[in-house]
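As structure tokens, the structure follows; a few thoughts come after it.
Here, residue 1 is the first one in the sequence, and each next residue gets the next number.
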Amino acid sequence: MGCWTVTHTNLDHLTRWESDWAGLRVVVAGLGLSGFSAADTLIELGAKVVLIDGADSEVNRSRADTLKIVGAADVLLGADHTDTLPLIDGLAPQLLIASPGWNPRQPMLAAAAEAGIEIWGDIELAWRVREKEGRKLAEWVVITGTNGKTTTVGMTESIFLAAGLRAIAAGNVGTPILDAVRDPEGFDVIAVELSSFQLHFTHSISPLASVVLNIAEDHVDWHGGFENYKADKAKIYERTKVAAIYNAQEPVVEAMVEAADVIEGCRAIGFTTGVPSPSMVGVVEDLLVDRAFIEDRRNSAVELVALDQIGEVVPRHTAANAAAAAALARAYGVEPAAVAAGLSDFDSGDHRIQAVARREDILWINDSKATNPHAANASLGAFSSVIWIAGGLSKGVSYDELVAANAKRLKAVIVIGLDSAALREALGRHAPQVPVIMASVGETEVDTATGTVVMARAVNKAADVAQAGDTVLMAPAAASMDQFSSYAQRGNAFIAAVRALMGEDSKE
């Protein structure tokens, strides 16, 4: 960190656009979309900004040139710049903005914390600058969870738009949050998806409504343990004003609401895929109903939407996401008809329980977004006889519960990924009768094949064992970056391989 001392700067006064940001010395760690928008915002506010990114890439050099033109004090690219805090005008920085991928134990962030320098993420900065004279002040509804965030935030946005509101989905998906809050017209409401990384670096947001969809082991390497991961997720409920919405079928999430320090008058609202109790949104005879945001909630319910209006196949987790989105919208005051219209209009897009083809009564499903065991469990639970394509970058999670819960529905498992040992060991313990077929070569030798080639192998091997009534489900329960650039590329590789197998007869 250098031979200099830090005098802690109190930043509590920075609560709106017109606050005195001029001259504030800020380091922005990371030059991705969120880091770029944070730096651009701070430069516009008059702060002295130095950006640091470990990748000296063409994209980053282009972004660096743009930020220097608009007034960045400096942009430092390359791994040799990421371990120490830079001086700004010969003085210590007063604030560090951390991009979501930057681990709090990373040397530069750890040094900042030790020195008493405040660390925010782009979400915290956006909350601090959202209020500006002459611009509409949007309410925030915020969404987190191990799985289902992107679907739920999209559903929520769709409902708000159906209600005639100026609304946008932002944060961890779609539009960077700072771009949304700086929109000249402003919004009535912003549906904000928040990852556990983003929540770690938030300190003062006070949303209208908040929800944790579910909790399962994920990103334990980044957080340094499951308890830390849960604690960061639970931060979403702090200072909620109207409705702290929780998954009534997950006691861990309900406990988060009970422990949260919310604004006086905020209600705890449950959602469930079963019959709802009072103050809940849930399902009755294939109808999504509200027993929370009505006067006589003890004795009646209001119908929101029939599940078959949401989609052709509505697995339990999709119904849960719809219930959560409906609760967020109802907390804002959206009428039931707009909830129905928004959920009916919503298109979940590719790579999430996506039917790719059906031939000879064999259904081929792409769920590349199932990047952890919890998400894969939701997919597996929707089908009865499954040839499961699984594996990838495991992120240190356990597969025992997933395999044990679904062993009876597994007909065969086709393994992809460069490190499949944990998955194969779990299969050996809990589903020893299920054939395990390798599409990757395993850990004993290096597989030089591209992810596309490996996926084609997997699809062909699945076709060899699939029979009428089976579902071939590509739900990897792992991240994609060992063999693919993203879950989308992995999903597209699966689609292409299935179409090649089917020839001209394939259909989505």
Side-chain angles (χ1 to χ4, degrees), residues 1-2 21 24-89 92-113 117-126 129 170-182 193-198 200-201 219 221-222 393 451 479-490:
M1 190 171 63
W21 300 87
L24 185 71
R25 301 185 300 279
V26 187
V27 171
V28 175
L31 198 44
L33 291 177
S34 63
F36 184 92
S37 63
D40 188 42
T41 300
L42 287 160
I43 292 166
E44 185 178 351
L45 289 165
K48 295 181 178 181
V49 179
V50 172
L51 292 101
I52 294 176
D53 195 293
D56 187 6
S57 64
E58 184 177 344
V59 170
N60 279 349
R61 287 193 292 273
S62 175
R63 290 174 177 168
D65 290 342
T66 300
L67 290 170
K68 287 177 180 177
I69 289 169
V70 298
D74 204 356
V75 181
L76 307 174
L77 300 178
D80 53 330
H81 295 294
T82 62
D83 287 347
T84 56
L85 279 165
L87 296 175
I88 303 176
D89 287 349
Q94 297 164 291
L95 172 66
L96 190 150
I97 304 292
S99 295
W102 286 62
N103 190 299
R105 295 181 300 282
Q106 190 272 343
M108 188 174 70
L109 270 63
I117 297 169
E118 287 201 37
I119 303 175
W120 300 351
D122 66 319
I123 302 296
E124 178 70 18
L125 177 61
V129 302
N172 194 48
V173 63
T175 304
I177 185 62
L178 281 158
D179 292 354
V181 300
R182 289 189 293 167
E193 178 183 327
L194 296 176
S195 69
S196 57
F197 305 156
Q198 290 169 314
H200 183 85
F201 296 116
H219 300 303
D221 46 357
W222 194 96
L393 190 63
S480 58
M481 286 79 75
D482 57 340
Q483 291 178 316
F484 303 91
S485 62
S486 66
Y487 75 79
Q489 189 205 18
R490 179 171 62 187

Could you tell me which residues satisfy salt bridge (charged side-chain N to carboxylate O under 4.0 Å, His left out) with [X], sequence neighbours excluded, listed by chain and number?
X      : result
Asp482 : none
Arg182 : Asp40, Glu44, Asp179
Asp89  : Lys48

side-chain hydrogen bond (donor to acceptor under 3.5 Å, both in side chains) against [X], all qualifying residues, sequence neighbours excluded:
X      : answer
Ser480 : none
Glu124 : Arg128, Ser204
Trp21  : none

Between [X] (side chain) and [Y] (backbone), is there a donor-acceptor pair under 3.5 Å?
X      : Y      : value
Arg490 : Ala479 : yes
Gln106 : Trp102 : no
Gln198 : Pro100 : no

Please report the shortest heavy-atom distance between [X] and [Y], naming the atom on each side.
X      : Y      : value
Leu85  : Pro93  : CD2-CG, 4.2 Å
Met108 : Val27  : CE-CG1, 4.3 Å
Thr175 : Ala180 : CG2-N, 4.0 Å

Would you list the atom pairs, donor with acceptor, under 3.5 Å between side chains in residues 72-79 and any protein atom, with sequence neighbours excluded?
none

List the atom pairs, with distances to 0.1 Å, where a side-chain N or O of residues 32-39 and a protein N or O form a donor-acceptor pair under 3.5 Å, not counting sequence neighbours.
| from | atom 1 | to | atom 2 | distance (Å) |
| --- | --- | --- | --- | --- |
| Ser37 | OG | Leu33 | O | 3.2 |
| Ser37 | OG | Ser34 | O | 2.9 |

Which residue is it: Ile123, Leu109, Asp122, Leu96? I am looking for the one with a side-chain contact (heavy atoms from CB on, under 4.5 Å) to Phe201.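 Going through Ile123, Leu109, Asp122, Leu96 one by one, the side-chain contact (heavy atoms from CB on, under 4.5 Å) with Phe201 is satisfied by Leu109 alone.
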So, applying side-chain contact (heavy atoms from CB on, under 4.5 Å) with Val26, which one of Leu45, Leu95, Val50, Ile117 is it?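 Of the listed options, the one satisfying the test is Leu95.
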Cut-off 3.5 Å, no hydrogens considered: what does the side-chain donor-acceptor table look like for residues 52-65, sequence neighbours left out?
| from | atom 1 | to | atom 2 | distance (Å) |
| --- | --- | --- | --- | --- |
| Asp53 | OD1 | Ala55 | N | 2.8 |
| Asp53 | OD1 | Asn60 | ND2 | 3.2 |
| Asp53 | OD2 | Leu31 | N | 2.7 |
| Asp56 | OD1 | Arg61 | NH1 | 3.1 |
| Ser57 | OG | Asn60 | N | 3.2 |
| Asn60 | ND2 | Ala55 | O | 2.8 |
| Arg61 | NH1 | Asp56 | O | 2.8 |
| Arg63 | NH1 | Leu31 | O | 2.8 |

What distance do Thr41 atom OG1 and Leu125 atom CG have between them, rounded to the nearest 0.5 Å? 6.0 Å
Using side-chain contact (heavy atoms from CB on, under 4.5 Å) as the criterion, list what pairs up with Ala110, not counting sequence neighbours.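 Ala110 satisfies side-chain contact (heavy atoms from CB on, under 4.5 Å) with no residue once adjacent residues are dropped.
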